[in-house]
Amino acid sequence: MAHHERSFLPDNESIARMLEETSLCYEMAGVAFKPRAYERAAAAVRALAEDVCAVYRKHGREALDALPGIGPSIAQHIADICDHGSFAEYEELKRRFPVAVRELTAIEGLGPKRLRTLYEMFGVRTIDDLKTLLEKKSHKLAGIPGWGEKTVARLREGLALTQKAQGRQPLGFILPLAERVAARLREVPGVREVQIVGSFRRKKETVGDIDILVATSRPQLLAREVVSLPEVTYVHQQGPSRTSVRLTFGMDMDVRAIEPERWGAALLYFTGSRAHNIHLRTYAESLGYKLNEYGLFQGKRCVAVRTEEEVYEALGMQYIPPELREDQGEIEAALAHKLPDLVPYGSLQGDCQVHSNWTDGTLSIEAMARAAYESGLSYIVLTDHTKALAMTGGLDEAALARQRREVEKVNRAFRREGREFRVVHGAEVNILKDGTLDVSDKALARLECVGVGVHSYFTLSPKEQTRRLLRAIEHPLVDIFFHPTARIIGKREPIAFDVETVLEACARTGTALDIDSYPDRIDANDALVRRALQKGVRLVVSTDSHAPQHLSYRELGLGQARRGWAGAKDILNTQPVDRFLASLKRSRALS
DNA sequence: GCCGTTTTCGGCCCGACTGTTTTCAGTCG
Ligand SMILES: Nc1nc2c(ncn2[C@H]2C[C@H](O)[C@@H](COP(=O)(O)OP(=O)(O)OP(=O)(O)O)O2)c(=O)[nH]1
Ligand SMILES: [Mg+2]
Ligand SMILES: [Mg+2]
Ligand SMILES: [Zn+2]
C-alpha cells in the first residue's frame, strides 16, 4: 500500500475515544465481549506516556500488539488510524449508527440499548435531537414498550443534570469538599467508619465523582441522612445499601453502606478500579472462588472479608496498594511477589519548587521558609521565575545575585535558632523557543540548583519541541526539568514532543524529571513517571508553591509518583539536603 | 477481540437500583 505519512498524527486521547466509540457501537449492536475488548484497548492507549502513533512508527505494529489488551486486530486498527485517520470497522459501525454515542451515553441513565431505540425509532443522533424529542414530541414515546412515564421523566432529568455536571476535576481541588461531606457522615448514629474511596483513594489526577464507603449498623438511617445533607441538590438513587446524589458543586456522590464485619471486601470493591476488580474477580474464579463486595467465598464459606490484606493473601498475592490498582500489570506482579516498594507518604525532606514575593509568590523568602519548616521539611529549593517571564517580574542576573544574599541571611537565621533547615538557592529558568535559557551560564553556575521549564511556545511541532527540550536538558548546569508537559488540566493541552527521546536524554545527562504536584498540573503524571523509571530517569517531587497553603500538595505528588510505581530511591528529594545536592547533575559532573 | 487463570479454544465480574416487561432488562457502581 502506498501509504502517505500523515504529518499531524492523532494523539492518544483521540485514538482512545475512537476505540471507546467502537466499544459503544458494538454494545448498541448487541455484540458480546467485543465491547470489553475495545474498552481495555482504549485504557491501554491512555496509559501510554508516548504517542501510540510514535510507537507504531518507530517499532512497528508488533509493538502495539505487545501491549496488554491490544491484539492483532486492534493493533492493525491503530496502525490504520495513524496512517489514514480511521479504520474500516469504525467507519462501518458509524454508518450503521451515525450517532454521537459518547455524548449521548454520557447522559445519566441513557445507555447503548435505549440509545439504539431512540435512534432507530426517532432518528436521535445528537443531544439536540434528544432535546427536541423530549420537549416537543414526547407524546411519540407513549406506548412504546419499556418507555413508561417515569422512564421518560428520568431521561429528561438525566439530560438536564448531565448538562449541569462539572465533569472531572483535579483531585486536589475537590478533596477538601469531599472530606467535609465525609466528616458529616461520621456524625450519623450507627456509623462506625467512613472512608473516601474510588479514584480519590487511588490518587488519580482527576476524579469523576465522590465515592464514600460507610460501615454502619443502621443503613436506612444513613441513607436518610445522606439525602438530607445541605450539599445535596438531587437524589439519583436511594436504596438500602447505596445512595447516589448530586452535590451543590456539580459533582455526584455515591455512598455505599456495609456491615462493619465486611469492611475489607467492601473497601476492595469500592476502591476499584473497575478494571482491577474485573481482573481480580476473574482470577478468583479461576481458583474456584467467588469475589464480591461481601467477601471472598469458596462455595458458601467465606474465606476472607475483614481486611483487604486478607483477600489478597487468600488469592496468593502481595497486598496491592490502591494507587496501583488500574490493571496495568499490578496483579501479575503481586502474584510473582514482585511489586515495587512504593515511596511512602510523608517521606519528602525537601520541596524542589517554591516561589517567593521576589516574583509571583505571596510571601517573603523567610516567611515561606518558615512555613516549609513548620510543615516538616528540612529544605526548600527557592525557584523564582527568571526574566523572560516579565509578567511575574522575572529576575535577571543582578537580581539573582541580590536574592542570594537574602537567602544566606535567612539560612543564618535558622542556624542561629538551632533549626535544621535551609533554603537552597535555585531558579525556575525559562526555556526559550530555540532551547537556550534566559539566564547567562555565569549566573546559572552561581545557583545551587537550576530547574528549567516551558512557559512559552506551547504549540511547536513535535520535532521542533523535542529539539528545544533536548538542548535545555543537555545543558550541564540544568539539574531539573520542571512540569515537563506544561499542561494545565482543563486549560492547556500538554506540549507535544518525542517522549522516548526526551526521557533518554534525561537519563543520559542525569537531569531529574519533576513531578509538579500543584493540583491542576500533576506533571509528570503517572504514565510519564512509569515510563521515565523504565528509562532510568531520576525524579523530584515539587509543589510549585506560590503560597504557604500549597506546600501540602506534595503528598499529591507522592501519590502520583506511587501511581507511576516509584520507590523512595527514585526520588532525589527524599534525601537530606547534602545528599540531595550531591546527586544533582552539576555535582555529579564534578565528582 | 483478547488471552493463557482450567482452556492456544473456550470463556469473558458480580451485584444494586429502577421501572413495570409479572420475571427481568437496562444501567450503573
Ligand atoms: N466489580 C465492579 N466494580 C465496579 C464497576 N464499576 C465501578 N466499580 C467499583 C470500582 C470503582 O472504583 C468504584 C467507584 O466507581 P466510579 O464509577 O466512581 O469509578 P472511579 O471512582 O474509579 O473513577 P471516577 O473518577 O469516579 O471516574 O466502584 C464494575 O463494573 N464492576
Ligand atoms: Mg468515582
Ligand atoms: Mg461513583
Ligand atoms: Zn513553571
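Each chain gets a letter, A, B and so on, in the order the sequences are listed, and its residues count up from 1.
Residue contacts shown for A:Ser73 are limited to sugar-phosphate atoms, with no base heavy atom under 4.0 Å away. No contact: A:Tyr26 has no heavy atom under 4.0 Å from any strand. Backbone-only engagement by A:Gly69 is indicated by non-hydrogen atom pairs under 4.0 Å involving sugar-phosphate atoms exclusively. Heavy atoms of A:Ile74 sit under 4.0 angstrom from primed sugar atoms or phosphate atoms, though from no base atom. Across all strands, A:Gly111 comes closer than 4.0 Å only to sugar-phosphate atoms, never to a base (heavy-atom distances). Using a 4.0 Å heavy-atom cutoff across all strands shown, A:Leu291 reaches sugar-phosphate atoms only and no base atom. If you check every strand for non-hydrogen atoms under 4.0 Å, A:Ile107 touches sugar and phosphate atoms only. Contacts of A:His279 with the nucleic acid, taken as non-hydrogen atoms under 4.0 Å apart, include base atoms. Nucleic acid contact class of A:Pro240 (heavy atoms, under 4.0 Å, all strands): sugar-phosphate only. Across all strands shown, A:Leu335 has no heavy atoms under 4.0 Å from either base or sugar-phosphate atoms.
Side chain to side chain, A:Thr132 and A:Asp129 fail the donor-acceptor criterion of an N or O pair below 3.5 Å.
Under a 4.0 Å N-O distance rule, the pair A:Arg246/A:Asp252 qualifies as a salt bridge. Under a 4.0 Å N-O distance rule, the pair A:Glu205/A:Arg487 qualifies as a salt bridge. Under the 4.0 Å criterion applied to side-chain N and carboxylate O atoms, A:Glu504 and A:Lys535 are assigned as salt-bridge partners. Residues A:Glu293 and A:Arg242 are not paired through a salt bridge, judged by the lack of any N-O separation under 4.0 Å between the basic side chain and the carboxylate.
Comparing B:dC3 with B:dC17, their C1' atoms sit 33 Å apart, to the nearest whole Å. Across B:dT23 and B:dG19, the matching C1' atoms stand 13 Å from one another, rounded to whole Å. Rounded to the nearest Å, the gap between the P atom of B:dC14 and that of B:dC9 is 25 Å. Of the C1' atoms belonging to B:dG29 and B:dT22, the separation is 27 Å, rounded to the nearest Å. A distance of about 10 Å separates the C1' atoms of B:dT6 and B:dG11, rounded to the whole Å. Distance check on atom P: B:dG10 versus B:dG15 gives 27 Å, rounded to whole Å. Separating the P atom of B:dT21 from that of B:dA16 is a span of 24 Å, rounded to the nearest Å. For the C1' atoms, the distance linking B:dC13 with B:dT8 amounts to 23 Å, nearest Å.
A:Leu155 has its CG atom 21 Å from the P atom of B:dA25, to the nearest Å. Across the protein-nucleic acid pair, A:Trp147 atom CH2 and B:dT27 atom C1' stand 12 Å apart, rounded to whole Å. Between A:Glu39 atom CD and B:dC28 atom P there is a gap of 13 Å when expressed in whole angstrom units. Regarding A:Glu293, its CD atom lies at a distance of 9 Å from the C1' atom of B:dG29, rounded to whole Å. The nearest whole Å value for the distance from the CZ atom in A:Arg256 to the P atom in B:dC28 is 17 Å. Protein atom CD of A:Gln238 is 17 Å distant from nucleotide atom C1' of B:dC28, rounded to whole Å. Distance CG (A:Asp327) to C1' (B:dC12): 13 Å, rounded to an integer number of Å. Between A:Ile144 atom CD1 and B:dT21 atom P the separation is 13 Å, expressed in whole Å.
Of all nucleotides listed (B:dC13, B:dG1, B:dT18), B:dC13 comes nearest to the side chain of A:Arg274. Side-chain proximity of A:Lys113 to B:dC13, B:dG26, B:dT6: nearest is B:dG26. When distances are taken from the side chain of A:Lys150 to each of B:dC13, B:dT20, B:dC3, the shortest belongs to B:dT20. Listed nucleotides: B:dG29, B:dG1, B:dC17. Nearest to the side chain of A:Tyr38: B:dG1. Considering only the side chain of A:Thr282, B:dC13 comes nearest among B:dG29, B:dC3, B:dC13.
Phosphate contact (OP1/OP2 of B:dC13, side-chain N/O of A:Asn277, threshold under 4.0 Å): absent. Close to B:dG19, at under 4.0 Å from its OP1 or OP2, lies a side-chain N or O of A:Arg154. Between A:Lys290 and B:dG15 there is a side-chain polar atom (N or O) within less than 4.0 angstrom of OP1 or OP2. An OP1 or OP2 oxygen of B:dC13 is reached within less than 4.0 angstrom by a side-chain nitrogen or oxygen of A:Arg36. Phosphate proximity of B:dC12 to A:Tyr283: absent, as no side-chain N or O sits under 4.0 Å from OP1 or OP2. OP1 and OP2 of B:dT18 both lie 4.0 Å or more from every side-chain N or O belonging to A:Thr151.
Base pairing analysis places B:dA25 opposite B:dT18; the two distances defining the Watson-Crick or G-U wobble pair are each below 3.5 Å.
Under the stacking definition used here (centres under 5.5 Å, planes under 30°), the residue A:Phe33 fails to qualify as stacked on the base of B:dC2.
Side chain A:Tyr269 to base B:dG29: a donor-acceptor pair is found below 3.5 Å.
Heavy-atom neighbours of A:Glu313 CD from other residues, nucleotides or ligands within 6.0 Å: at or below the threshold of 12.
Every pair passing ring-ring contact (aromatic ring centres under 6.0 Å, His included) that includes a residue from residues 280-332 of chain A is listed here, sequence neighbours excluded: A:Tyr312-A:Tyr319.
The closest donor-acceptor contact from the side chain of A:Arg325 to the backbone of A:Ala275 lies at 3.5 Å or more, if one exists at all.
Residues meeting the salt bridge (Lys or Arg N to Asp or Glu O under 4.0 Å) test with A:Arg306, sequence neighbours left out: none.
In terms of position on DNA chain B, the residue among A:Arg242 and A:Gly71 whose nearest nucleotide sits closer to the 5' end is A:Gly71. Of the residues near DNA chain B, A:Glu108 and A:Ile278, the one whose nearest nucleotide (by heavy atom distance) lies more toward the 5' end is A:Ile278.
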